[in-house]
Amino acid sequence: LQLKENHSDNYYRNWNTIYSKEWNQRYMSPMKHGDLYDCYIDYNQNIEYGHDFNCRLYYYFKYFEEVNHVTLFPGGRRR
């Protein structure tokens, strides 16, 4: 995936909140989801991580989806 910073920080924060919650639910259920989710992501949308970090985390989730052929949020748009 090519990084494109064409969205607001709020956009990335909102998606990272959704993705990290789903990620952590899967992490907590390894019998159901396997060992793909090998760590807990302690993401808090109320913390100012900065636009660059939020953008990179968002694209990490997108990369993870693409490489592992999974969808973290079924209603999410693939970019």
Side-chain angles (χ1 to χ4, degrees):
L1 289 172
Q2 183 178 9
L3 279 179
K4 296 183 281 182
E5 293 188 40
N6 58 346
H7 296 290
S8 70
D9 192 49
N10 193 49
Y11 175 90
Y12 293 123
R13 273 198 328 260
N14 289 335
W15 276 109
N16 288 341
T17 299
I18 292 167
Y19 286 138
S20 62
K21 283 182 182 178
E22 179 61 27
W23 177 285
N24 291 335
Q25 287 177 355
R26 293 179 187 198
Y27 167 75
M28 299 300 278
S29 302
M31 296 297 286
K32 183 177 179 183
H33 297 287
D35 63 352
L36 281 178
Y37 312 91
D38 61 352
C39 64
Y40 183 86
I41 297 178
D42 189 14
Y43 184 81
N44 181 339
Q45 78 177 60
N46 297 317
I47 294 175
E48 286 296 329
Y49 296 106
H51 185 75
D52 185 60
F53 175 84
N54 282 317
C55 180
R56 289 178 185 276
L57 181 59
Y58 170 83
Y59 280 105
Y60 172 77
F61 287 129
K62 295 314 230 175
Y63 170 80
F64 180 86
E65 287 180 320
E66 190 172 297
V67 168
N68 294 291
H69 308 288
V70 297
T71 302
L72 291 170
F73 183 68
R77 292 182 284 171
R78 306 270 317 185
R79 288 201 173 270

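Note that the structure is predicted; figures quoted are calculated from it, not measured.
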key: For the student: nearest non-hydrogen atoms of Val70 and Phe64, plus distance   =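 Taking every non-hydrogen atom into account, CG2-CE2, 3.8 Å.
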key: Nearest heavy-atom neighbours spanning Tyr43 and Leu57   =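 In this case the closest contact between Tyr43 and Leu57 is CD1-CD2, 3.5 Å.
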query = Do the side-chain N and O atoms of Arg13 and Asn16 include a donor-acceptor pair separated by under 3.5 angstrom?
reply =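 Result is no, nothing qualifies.
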ask   = Does a side chain donor of either Asn14 or Tyr58 reach within less than 3.5 Å of an acceptor in the other side chain?
value =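 No donor-acceptor contact under 3.5 Å links the two side chains.
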First locate atom [atom1] of [X], then atom [atom2] of [Y], and finally report the distance between them rounded to the nearest 0.5 Å.
X     : Y     : atom1 : atom2 : value
Thr17 : Asn46 : OG1   : CG    : 8.0 Å
Lys21 : Leu72 : NZ    : CG    : 14.5 Å
Phe61 : Ile41 : CZ    : CD1   : 4.0 Å
Glu22 : Ile18 : CD    : CD1   : 10.5 Å
Phe53 : Tyr12 : CZ    : OH    : 14.0 Å

ask   = Does Tyr27 have any ring-ring contact (aromatic ring centres under 6.0 Å, His included) partners at least two apart in sequence or in another chain, and if so, which?
value =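 Expected list: none.
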task = Indicate yes or no: at least one non-hydrogen side-chain atom of Asp9 is less than 4.5 angstrom from one of Tyr49.
result =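 SC-SC contact between Asp9 and Tyr49 ruled out.
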key: Ring centroid separation Trp15 to Tyr19 under 6.0 Å   =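 Between Trp15 and Tyr19, the centre distance is under 6.0 Å.
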Under 3.5 Å donor-acceptor pairs involving side-chain atoms of residues 30-39, not counting sequence neighbours:
| residue | atom | partner | partner atom | Å |
| --- | --- | --- | --- | --- |
| Tyr37 | OH | Arg26 | NH1 | 2.8 |

